[in-house]
Amino acid sequence: METVAAITLEELQLAARNHALPLEALRHPLTPVGLHYLLVHFDIPAVEAGSWRLELGGRVERPVSLTLEELRARPQRTLAVTLECAGNGRVLLEPRALSQPWLTEAVGTAEWTGTPLAPLLQEAGVDEEAVEVVFTGLDRGAQGGVVHPYERSLPLGEALREEVLLAWAVNGEPLPPQHGHPLRLVVPGWYGMTHVKWLRAITVVDAPFGGWQQAVGYRLRQSEDEDGEPVTRMLPRALMIPPGIPDFFSRSRLLEPGRCVLEGRAWSGFAPVERVEVSVDGGRWEEAELGAPLSDYAWRGWTYEWRADVGEHELRCRAADAAGNTQPDEPAWNLDGYCNNAPQRIRVTVADDLGTVVVA
Ligand SMILES: Nc1nc2c(c(=O)[nH]1)N[C@H]1C(S)=C(S)[C@@H](COP(=O)(O)O)O[C@H]1N2
Ligand SMILES: [Mo]
């Protein structure tokens, strides 16, 4: 049996609310919405659909208040975007931060439909002193002993990128409650925390935003008294659909010997994925075949032909992007457990008669 330090009741409570992508769902290029990973810090807020408005203000010449109908009447764009939680891999760090205890599969890819943010900001007239844009959700709670709404900022230059959307639909349907109904921010390439759900306000500011989720949360630090670097874009990662069939409790895999086409998906928020490799039993990394990416901001499929022989095996996969980012063999530790993109490992028992296999 494999263990990590004992899971606390609080971690289990978070894990039961926030679910990951079942790995077999990697077979879908676009993740069906119910299978997309989910992360909600506080509660899913109650939204008054009739009176909801988006307030855009702060350091702009012409603040605006928009209904959903007004937003939907604006130019529309649909983009396939891969979202991954920055805490993905947290539970595999030692010692680990007490938070949502993700393994490796806090990811999903969907087609988000909305209106580009940049023209809205330009129409409102951003002041010369503006440096950041703050996005505020309707949800509130306490974290780190501080009560606050969920809110995050982006540097002005990032907020003005053409692919940044205010989205009201996912995979062609209105956003469901858990994914941000009625409107969420989508910032392709960035880790999940950036994509603020249940958006109620967008505020242009002339000084760096100091809210908890920005100044304390989502920073790579070794100790409490460090400021740390902010977490931004997704590091490369490849995931594999576990081959064969699972053992119920351990979820280790059972497979008959012979040719087995391993398949999975790989993404990076920095640059296109240009290589995926597979290693069997700690051996040489061998190149997988790449499929076409769904968009500039979404994962691409990969396949690798494995000759499975009878015995116990461990499979690993890893991705590298065109900017030179790779997946390290060992994760880089940080206090809050972000950005652990160490390679996924899958144990497989290969046997002629699966009915006789006893999983330890
Ligand atoms: N308002 C609000 N937005 C939020 C969050 C939240 O708790 N509240 N969680 C963030 C985090 S940490 C992640 S990883 C993504 C998850 O998006 P999803 O649940 O749609 O997959 O939403 C982000 N946006
Ligand atoms: Mo997250």
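Keep in mind that the numbers below use all heavy atoms, side chains included, and drop hydrogens, waters and symmetry copies. These numbers come from a predicted model, not from an experiment. As the structure lists them, so they are numbered: ligands from 1, and atoms in each ligand from 1.
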Counting from 1, what ligand 1 atoms have a heavy atom of H36 closer than 4.0 Å?
-> 21 (O)

Does an N or O from H41, backbone or side chain, lie closer than 3.5 Å to an N or O of ligand 1?
-> yes

for atom 14 (S) of ligand 1, nearest protein heavy atom and its distance come out as Y37 OH, 2.9 Å

Are the side chain of K197 and the backbone N or O of G137 linked by a donor-acceptor pair below 3.5 Å?
-> no

Exactly one candidate in L66, L117, L56 meets side chain to side chain contact (heavy atoms under 4.5 Å, CB included) with L166; the answer is L117

Could you list which atoms of ligand 1 come closer than 4.0 Å to a heavy atom of C85?
-> 14 (S)

More than 12 non-hydrogen atoms from neighbouring residues, nucleotides or ligands closer than 6.0 Å to CZ on R233, yes or no?
-> yes

If the plane angle is over 60° it's perpendicular, under 30° parallel, otherwise tilted; pick one for Y150 and H41.
-> tilted

Atoms of ligand 1 under 4.0 Å from any heavy atom of W198, numbered from 1 in the order shown, are 1 (N), 2 (C), 8 (N)

Taking the inter-plane angle between the rings of W212 and H148 on a 0 to 90° scale, is it parallel (under 30°), tilted (30 to 60°) or perpendicular (over 60°)?
-> parallel

For atom 3 (N) of ligand 1, what is the nearest protein heavy atom, given as residue, atom name and distance?
-> K197 N, 2.9 Å

Closest to atom 23 (C) of ligand 1 among protein heavy atoms sits G192 O, 3.2 Å

Kindly say whether E173 contributes a backbone atom to a donor-acceptor pair with the side chain of N171 at under 3.5 angstrom?
-> no

shortest atom 22 (O) of ligand 1-to-protein heavy-atom contact is with R184 NH2, 3.4 Å

Numbered in order shown, the ligand 1 atoms found under 4.0 Å of a heavy atom of V40 are 7 (O)

For Y150, is at least one N or O under 3.5 Å away from an N or O on ligand 1?
-> no

Compute the shortest N/O to N/O distance between Y218 and ligand 1 and return yes if it is under 3.5 Å, no if not.
-> no

Before accepting this row, confirm whether a basic side-chain N of the pair R53/E55 lies closer than 4.0 Å to the acidic partner's carboxylate O.
-> no

Considering distance alone, does some N or O of L39 sit under 3.5 Å from an N or O of ligand 1?
-> yes

Picking from R152, R200, E151, what satisfies side-chain hydrogen bond (donor to acceptor under 3.5 Å, both in side chains) with T136?
-> E151

Above 12 or not: heavy atoms from other molecules or residues under 6.0 Å from CD of E61?
-> yes

Proximity flag R152 to ligand 1, non-hydrogen atoms under 4.0 Å = no

Got the closest protein heavy atom to atom 1 (N) of ligand 1, with its distance?
-> D139 OD1, 2.8 Å

Heavy atoms from other residues, nucleotides or ligands near CZ of R284 exceed 12 (cutoff 6.0 Å) = no

For atom 24 (N) of ligand 1, what is the nearest protein heavy atom, given as residue, atom name and distance?
-> H195 O, 3.1 Å

